[in-house]
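All values reported here derive from a predicted model rather than from experimental measurement.
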Amino acid sequence: MIRSTKFLIPPARKALIERPRLTRKLEEGMEVKLTLLSAQAGYGKTTVLSEWARQCGSLVAWVSLDKYDNDWSAFWSCIMASIRERLPRFGESIGFLLEQESAASIDSAIAAFLNELSTIDSDFVLILDDYHVIYNAPVNESIRYMLQHLPQHVHIYIACRTELPFPTTRLLAKGEMHVIRIEDVRFELEEGIVFFRETTDLSLTKQQVVTLFKQTEGWVSGLQLAAITLKRSGNIADTIRQFNGRQRQISDYLLEEVFGDLPEPLRRFLLSTSVLSRMNGELCAAVTGQTDSQGQLERLEQLNLFIIPLDEQRYWFRYHHLLAEFLQQLSAKEHPELWKQSHRRAAIWHEAERLYEEAVEHYIKAQQSEDAVRLIERIMPALLLLKSNVLLRWIASLPESSYAHKPTFELFYISKLLMDGKWSQGLHRIEQAEKRFQAMKAFIPEPEWNQLIGNLYYLGGIFSYLQQNLPLTSRYFELSELYLPEGSSFQQSSSKRYQGHEGFMDLLSLTDELREVEQFLLKWIKAWEKKRVYPHIGYLYLSYVLLLYEWNRLEEAESYLRQAMSREDLRTNVWIWIQLGIVSSGLQQAVESGCQAVEWLGQFGSSVDSPDRQVIWKRIIAEQARLFLNQGQPREAYDWLEQSGMSPSDEVSDRHYEEYLVLARVLAANDRTEDAQQLLEQLEHLADKENRLRGRIKLKIVQSLVLRQSDRPEAAFAPLQSALQLSEPAGYIRSFLDEGPLMVEMLDDLLNERQDAAMSPSQLKYIRLLLEAAGNGRSNKLLPDDVLTEKEEQVLVLLTEGLIYKEIADQLSITLDTVKFHVKNVYRKLGVHNRVQAIQRVKAAPASGLRR
């Protein structure tokens, strides 16, 4: 029951002021996606929302959030449980939403949740109370994504003390968000007068109410505290005159006054039970030792002492946040032994009730580290799957000495540093842990110790790999092999989830020292290729196939790709399997038929079993669009754009970097170069931030292609030279060749026109190597000489009409240099040397033969 109270709409108060003005504002939220009720503690957010929820006439799911919910699985478990209170069979098919992996698969996980919401056949309201306790980044991103795609009949109401921790500007601009702030929820004077007249036994003059109202500025809790204080006052007029300052000062003053007037047993009861987020008589008796605890709770409610019932039976209660915070500060500061004793007793009660998470929290605050570690170790397997952030927070809050003898704690902490991208910190931690593990060797059974040290060394290898230290990586892998010849549990793990691998980078992304990379990859592929349940080897196969492909060693790439795709264990890791399939389609296009590659990739994508199918398909069809472009079919590629739902104005994330690169190319190939350039500006910021070499090279290549197709084609040489400069040390070939005839044309122009443009002999040699690999050999054999771009044809038409260069520039709204650039290309493609020869060439050939 302690958990289910989180999903109940708080029951009605016995005395309540009707506030039709505020009710109307809440009702307006039914016209928009999101209603934010933003005000500090004590403004009655929960009260007004709960009263509105009870009378709004729609299906309402309520969640009272707390600190335990600041984790992906915990948060979404609350949402699902709350909805199931109203719709018991809701979400039966989307259990994967609660998996921790879904925190990295937001698109597909929330899309599935939204599909479930769309099956509700009436207006539906989800209320999230106390959202300020949620600062988990994936949770906040998931709510942002959900709001972006929310069905029209679903409305989200959020009560929060602060501004929301995710962007809402677009929602506001589109009129999809309604905001209710402090000035809306504070009492107006007439409401204050009604409050004192109808909910208290006080006989105050109108002037006294006005004075109180001015002092509290319409703050609901301030008025409530004032009423409690005045009931105990011997001189109401003097007490009112003593009020001064604003909200926090008023609340501290009034709470001290109220608390000081209570009998000692009740004060001790309040201090002891302040450690509880929710309470009933039994739990309070365990914490306080007072047998009449249920009666004490009821007396506190009768005194209107900021205690809130959580169910209609008034069995479960919680303190108002203001009172709870006041009591906790007072208890921790002035009664530290009582504070620790209360937490210790609360922990024992919660553990006996199998409420282990609450028990751990109380053990930690009671400074009972040994008990906290004992209990964490007991529930760690479940927490690793569902609440790793909670587990990490607990371990970080404990003194290291308390779990130094628990190496599984250390392994978890290190693996979390890996997922969080804290690689230097992780490697340092491994060095420290190795010493502790070695000291434990004599006290742990040998097989268990071998597992621990082997996994530690394996993690050391991964951290070293990501920091480009391949010799140290090999050393750690060798040590891991020594203790775990059959493989680490980390190496053998697999997942049906596609996302969550953004942190993985193949070595082509990390370095241009690819000869060293090749030796490293070959060494460990040979060492591990005979192990049959070893999904981690897929990362090495993928990196090596990409490397061979980049170097245009296509037969070798095909050979290693066949080895990888023949392994059954790689099929169990969806991300690796999809990446291998995408590489396979690129290889097929390079050596066989492009049409077959597109069709094969579609069939391959259909065969994959994963909850993240939506995201997988987005990646698959983006690759199909790229293949269409490379085949010279921009219209077919544009069909993908129309289906994808992607836009150049989207907020681009690293998760979909590759898809947006394809989008930029598709836009440019379909005469939307300005949109493509706008998108590339976003991608450039992202590439610089992530600092991934291969991604930056691809970006520069696409920038050059887009500019070549724009009104400033001469500007294409700058990003192309940057791409060449970045890729020359690594010897990249296919990243250029895969862009087709337009790239070959650009490379040829660069070589012909810019040999004196500060290019080194090695750069010139590199361009010749690329042209040779394209089968060009400086002879333009791959380029259809009579094919003009749309802009070149426009220039040619105006040339034949006798316009001079400046007139052509004015008519086409381009620069004079751009006209000269196009004229030069026209003459070259037509095989002529001047305007007269160009006109004769046009007369000799149909215009349609000059266009793409």
Side-chain angles (χ1 to χ4, degrees), residues 632 634 648 664-665 667-681 684 700-724 739-759 767 778 780 783-852:
R665 292 190 55 209
L667 290 167
N670 286 276
D671 300 322
R672 292 179 58 184
T673 53
E674 287 187 11
D675 288 338
Q677 286 173 292
Q678 174 188 335
L679 177 59
L680 287 170
E681 286 178 12
E684 185 160 31
K700 292 297 179 185
I701 289 172
V702 175
Q703 283 178 328
S704 68
L705 290 164
V706 170
L707 285 167
R708 181 73 169 202
Q709 296 167 88
S710 74
D711 288 339
R712 298 188 300 119
E714 72 279 5
F717 289 126
L720 178 58
Q721 285 184 266
S722 294
L724 290 164
E739 302 301 340
L742 184 59
M743 174 54 67
V744 177
E745 177 185 292
M746 291 165 66
L747 290 168
D748 195 58
D749 281 352
L750 186 62
L751 190 63
N752 285 326
E753 305 296 331
R754 300 224 167 181
Q755 292 201 30
D756 298 326
M759 285 198 293
I767 296 172
R778 299 288 315 284
N780 282 334
L783 300 176
D785 289 343
D786 59 350
V787 173
L788 303 182
T789 66
E790 181 179 359
K791 191 66 70 177
E792 288 166 354
E793 187 177 82
Q794 290 172 351
V795 169
L796 177 58
V797 168
L798 296 176
L799 277 174
T800 61
E801 291 176 359
L803 273 67
I804 63 174
Y805 285 2
K806 186 175 186 312
E807 291 171 330
I808 294 172
D810 291 342
Q811 186 150 335
L812 296 179
S813 300
I814 56 180
T815 67
L816 190 60
D817 285 341
T818 299
V819 172
K820 293 176 181 178
F821 179 88
H822 285 313
V823 169
K824 179 197 68 175
N825 280 338
V826 167
Y827 287 172
R828 177 173 57 78
K829 291 182 178 182
L830 297 183
V832 300
H833 301 288
N834 55 49
R835 184 192 298 250
V836 174
Q837 291 176 343
I839 294 171
Q840 291 172 345
R841 174 75 170 82
V842 169
K843 290 179 179 178
S848 61
L850 303 176
R851 283 294 312 275
R852 289 178 187 269

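Taking CG of Leu724 as the start and CD1 of Ile767 as the end, the distance is 5.0 Å to the nearest 0.5 Å. Rounding to the nearest 0.5 Å places CZ of Arg708 at 16.0 Å from CD of Gln703. Annotation: the span from Gln677 atom CD to Glu684 atom CD amounts to 11.5 Å, rounded to 0.5 Å. Rounded to the nearest 0.5 Å, atoms CG (Leu667) and OG1 (Thr673) are 9.5 Å apart.
With sequence neighbours left out, the side-chain hydrogen bond (donor to acceptor under 3.5 Å, both in side chains) criterion links Glu739 to Arg665. Scored by the side-chain hydrogen bond (donor to acceptor under 3.5 Å, both in side chains) test, Glu807 finds no partners at all (sequence neighbours excluded). Residues that satisfy the side-chain contact (heavy atoms from CB on, under 4.5 Å) test with Glu674, not counting sequence neighbours, are absent from this structure. Residues meeting the side-chain contact (heavy atoms from CB on, under 4.5 Å) test with Asn670, sequence neighbours left out: Pro634, Tyr638, Val666. Residues satisfying the side-chain contact (heavy atoms from CB on, under 4.5 Å) test with Ala838, not counting sequence neighbours, are Leu796, Tyr827, Leu830, Val832. Annotation: side-chain contact (heavy atoms from CB on, under 4.5 Å) contacts of Asp711 (sequence neighbours excluded): Lys791, Ile814. For Asp810, the side-chain hydrogen bond (donor to acceptor under 3.5 Å, both in side chains) partners are Lys806, not counting sequence neighbours.
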Problem - Candidate pair Asp749 and Met746, rule side chain to side chain contact (heavy atoms under 4.5 Å, CB included), full reasoning - result: CA-CA 5 Å; Asp749 281 352; Met746 291 165 66; 5.7 Å; no
Handout entry: Worked verdict on Leu720 versus Met743 for side chain to side chain contact (heavy atoms under 4.5 Å, CB included)
Key = CA-CA 9 Å; Leu720 178 58; Met743 174 54 67; 3.8 Å; yes
Exercise for the section: Please report the C-alpha distance between Lys700 and Gln721 in whole Å, then the side-chain angles of each, then the deciding distance to 0.1 Å, and finally whether the side chain to side chain contact (heavy atoms under 4.5 Å, CB included) criterion is met. Expected result: CA-CA 9 Å; Lys700 292 297 179 185; Gln721 285 184 266; over 6 Å; no
Practice task
Applying side chain to side chain contact (heavy atoms under 4.5 Å, CB included), run through Val706 and Val702 and close with a yes or a no.
Solution key: CA-CA 6 Å; Val706 170; Val702 175; 4.1 Å; yes
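Pairing each heavy atom of Ala668 with each of Gln709, the nearest pair is O-OE1, 3.5 Å. Scanning both residues, Ala664 and Leu679, for their nearest heavy atoms gives N-CD2, 3.7 Å. Contact record, Leu707 with Pro719: CD1-CG, 3.8 Å, taken as the closest heavy-atom pair.
Just one of Leu798, Val819, Val795 meets the side-chain contact (heavy atoms from CB on, under 4.5 Å) condition when paired with Leu803; it is Leu798.
Surrounding CZ of Arg712 are at most 12 heavy atoms belonging to other residues, nucleotides or ligands under 6.0 Å away.
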